[in-house]
Amino acid sequence: MGNFKPSTTRQPHGQQNRRPRGPFRPQAPNREAGAPQGEPVKTTTYSSPTGEVVRVIVLGGLEEVGRNCTLIEYKNDIIFVDMGLQFPDEDMPGVDYIIPNMTYLKGKEQNVRGIIITHGHYDHIGAIPHVMTAIGNPTIYALPVAAGIIKKRQTDFPESKVTVKPITIESELQLGAFKVHFFHINHNIPDSAGIVIETPAGTICHTGDWKFDYHPVGTVPADFHKIARVGMAGVSLLMGDSTNADRAGHQKSEKGIGEELQGIIEKAPGRVIIGTFASLLSRVKQIMEISEASGRKIALDGYSMKTNVEIAKELGYIKVNQKSIIPIEEVNEHPPEKITIICTGAQGEKRAAMARIANDEHRYVKVDPTDTIIFSSSVIPGNESTVQRLKDTLYRKRARVIHKDIMDVHAGGHAMKEDIKLMLSLFKPKYYMPIEGNHFLLRENAEVAYSMHWPEQNVFVADNGQIIEMWKDAKGVTQAKMTSDKVPTDYVFVDGLGVGDVSQVVLRDRQALAEDGMVVVIAQFDKKAGTLMHAPDIVSRGFVQMKDNKEFIQATRLHLEQMLKKTNTAAPIDPDNIKNTIRDELGKYLFQKTERRPMILPVLIEV
């Protein structure tokens, strides 16, 4: 069924690099490394599936936690499940977050029938404002909480127009050739849903983020009846969450976490300061209700925390008397034992509320030894050292610090091994595809399926962009395979207002500056004679402190002067040749003296 045919055309370089108007400005990933700037750039377009083949492509979420985005295509119909962002690694300075690459959609924008959202976490909805223009502004279908968060976030992106259609768990959608319906699932945010997609080649089920919680907060347990009914009707491909697939047992219930938090809050001698995710609304709901019942006033800090609580209150999910909520500015007007502060920043983000409190930078909250500070969240991979530094700072202030390794103050929102076994038993899919996690998590998820006697060839452990094809054979039986074909999934970086204009080259430059600093060389040449007028000036930033290394700087200037005088310069000078000489020779000299490689920026002045 190998009908994947990328085709390439050439456009003049200037047209290719002309960025479209609007918030989405994709990078040009098809330029070969080192291609001259004047050369045409290859633009690749991708054919649609032929015959009765359904194509499944995960554009993000198979090699990382985040950037979740799945594309399903049949002939000229395309739908998406989720459109999330990924937070940057520590070696990506200046990058706000990463979004899915939409190169595959080039020329197919008119085929997109809709985006279906599983729930309202940013790793599933965060890319929406940045990609909508590039994919033809299709309608977004989401349950009320996710729809509310998407709409509220759009106020920060007025230039990006989106159409959000709220749905219910009972909704059925006909999007081109695809019939879509939903099943209720538990997670740590309300209105989480799994997706059932009936395609001409068989039924695909996408779990989204999920766990089985028999005692959930503010909602009901997962709809086991519907999951079983869908399974009895026949599931060709199940795409299942892998985030906690490496952990044995069952996921904890939110009810147990609530009971633990209640004991802590009721017995706390002073203020209770709780850091958690703003989108972890089931936890926030419990904290607010427990605090109110304990006679405490509740102060919310962090823009996203205030926004999400307001949305949840409007939808009736959080029911707390408005008099129990006070502005953060008023926390010092009440006895400490009557205050609960719920804030963002449990991941150690520098400007978030928890970090400002820890570093004495908060205008209204200073840590007191009587405070009880709770980290009611997991640590996102890559943030471990940042979170530990934050905890250390709080411990130094002698506050009581509680986190999930000390007491049960956090339950994950993702299925563990035994939960996955139950889901597989209910759905009984012919093919299983682990999604949403690093490669080792996908493998752990696959091992669960193997342990339940799924054949290895029926379990697809894919990479981002790898194409899965489904079709029905002559007997009408669904067949599927994981092909070796891939579509582009290169990182698209969001940096401030720029989207996609930070390339890997720019990122390497930032990394070099962060690691070894920069040296600027300013050299004056006689325009007529083409000779160096005097020893070049040197400016160091992040390499060496100039006033503490005057002898070294002077020796470097003299070395440069001698080297440039030996260079055969004739009027008019060749600036590019001289700049390359300065970079090469000075780079070698500095490495010999310091074993460091700063970025070298030559500046030539002709007088």
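Just so you know, these numbers come straight off a predicted model, no measurement behind them.
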Counting N and O atoms only, with roles assigned by atom type, does the side chain of [X] sit under 3.5 Å from a partner on the main chain of [Y], one being a donor and the other an acceptor?
| X | Y | result |
| --- | --- | --- |
| K165 | I140 | no |
| T207 | G194 | no |
| T483 | I467 | yes |
| W210 | A222 | no |
| K428 | S425 | yes |
| D473 | K475 | yes |
| N464 | L62 | yes |
| N188 | L281 | no |

What residues, two or more places apart in sequence or in another chain, satisfy salt bridge (Lys or Arg N to Asp or Glu O under 4.0 Å) together with [X]?
| X | result |
| --- | --- |
| K152 | none |
| D209 | none |
| R113 | D77 |
| E64 | R67 |

Indicate yes or no: at least one non-hydrogen side-chain atom of [X] is less than 4.5 angstrom from one of [Y].
| X | Y | answer |
| --- | --- | --- |
| T199 | T203 | no |
| N186 | Q251 | no |
| I185 | M423 | yes |

Open item on the list: Can you tell me if M452 has over 12 outside heavy atoms packed within less than 6.0 Å of its CE?
Closed with: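 More than 12 within 6.0 Å, yes.
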
Task: Geometric cation-pi criterion, R153 with Y122: 6.0 Å, 45° - done: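 Relative to the ring axis of Y122, which defines the angle, R153 lies inside both limits.
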
Open item on the list: Between E73 and K108, does any side-chain N to carboxylate O distance fall below 4.0 Å?
Closed with: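 Salt bridge present between E73 and K108.
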
Task: Lys/Arg-Asp/Glu bridge criterion (N-O < 4.0 Å) met for K75, E52 - done: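 Answer for the salt bridge query: yes.
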
Open item on the list: Under the salt bridge (charged side-chain N to carboxylate O under 4.0 Å, His left out) definition, can you give me all pairs with a residue in residues 126-141, not counting sequence neighbours?
Closed with: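 For residues 126-141, and leaving out neighbouring residues, there are no salt bridge (charged side-chain N to carboxylate O under 4.0 Å, His left out) pairs at all.
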
TODO: Sorted by first residue and then second, give each salt bridge (charged side-chain N to carboxylate O under 4.0 Å, His left out) pair with at least one member in residues 118-137; sequence neighbours left out.
DONE: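 The answer is none; no pair qualifies.
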
Open item on the list: Under the rule for ring-ring contact (aromatic ring centres under 6.0 Å, His included), what residues qualify as partners of Y431, not counting sequence neighbours?
Closed with: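 For Y431 the ring-ring contact (aromatic ring centres under 6.0 Å, His included) partners, ignoring immediate neighbours, are F460.
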
Who passes side chain to side chain contact (heavy atoms under 4.5 Å, CB included) against [X], sequence neighbours left out?
| X | value |
| --- | --- |
| K430 | N458, V477, Q479 |
| K472 | T478 |
| A142 | I117, A146, A147, I150 |
| K179 | E172, Q174, E198 |

Open item on the list: Once ring pair (Phe, Tyr, Trp, His ring centres under 6.0 Å) is applied, what residue pairs with a partner in residues 173-196 remain, sequence neighbours excluded?
Closed with: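 Residue pairs passing ring pair (Phe, Tyr, Trp, His ring centres under 6.0 Å), neighbours aside: H119-H187, H121-H187, F183-F427, H187-H414.
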
Task: Geometric class of the F224/F212 ring pair [parallel <30°, tilted 30-60°, perpendicular >60°] - done: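 Correct class here is tilted.
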
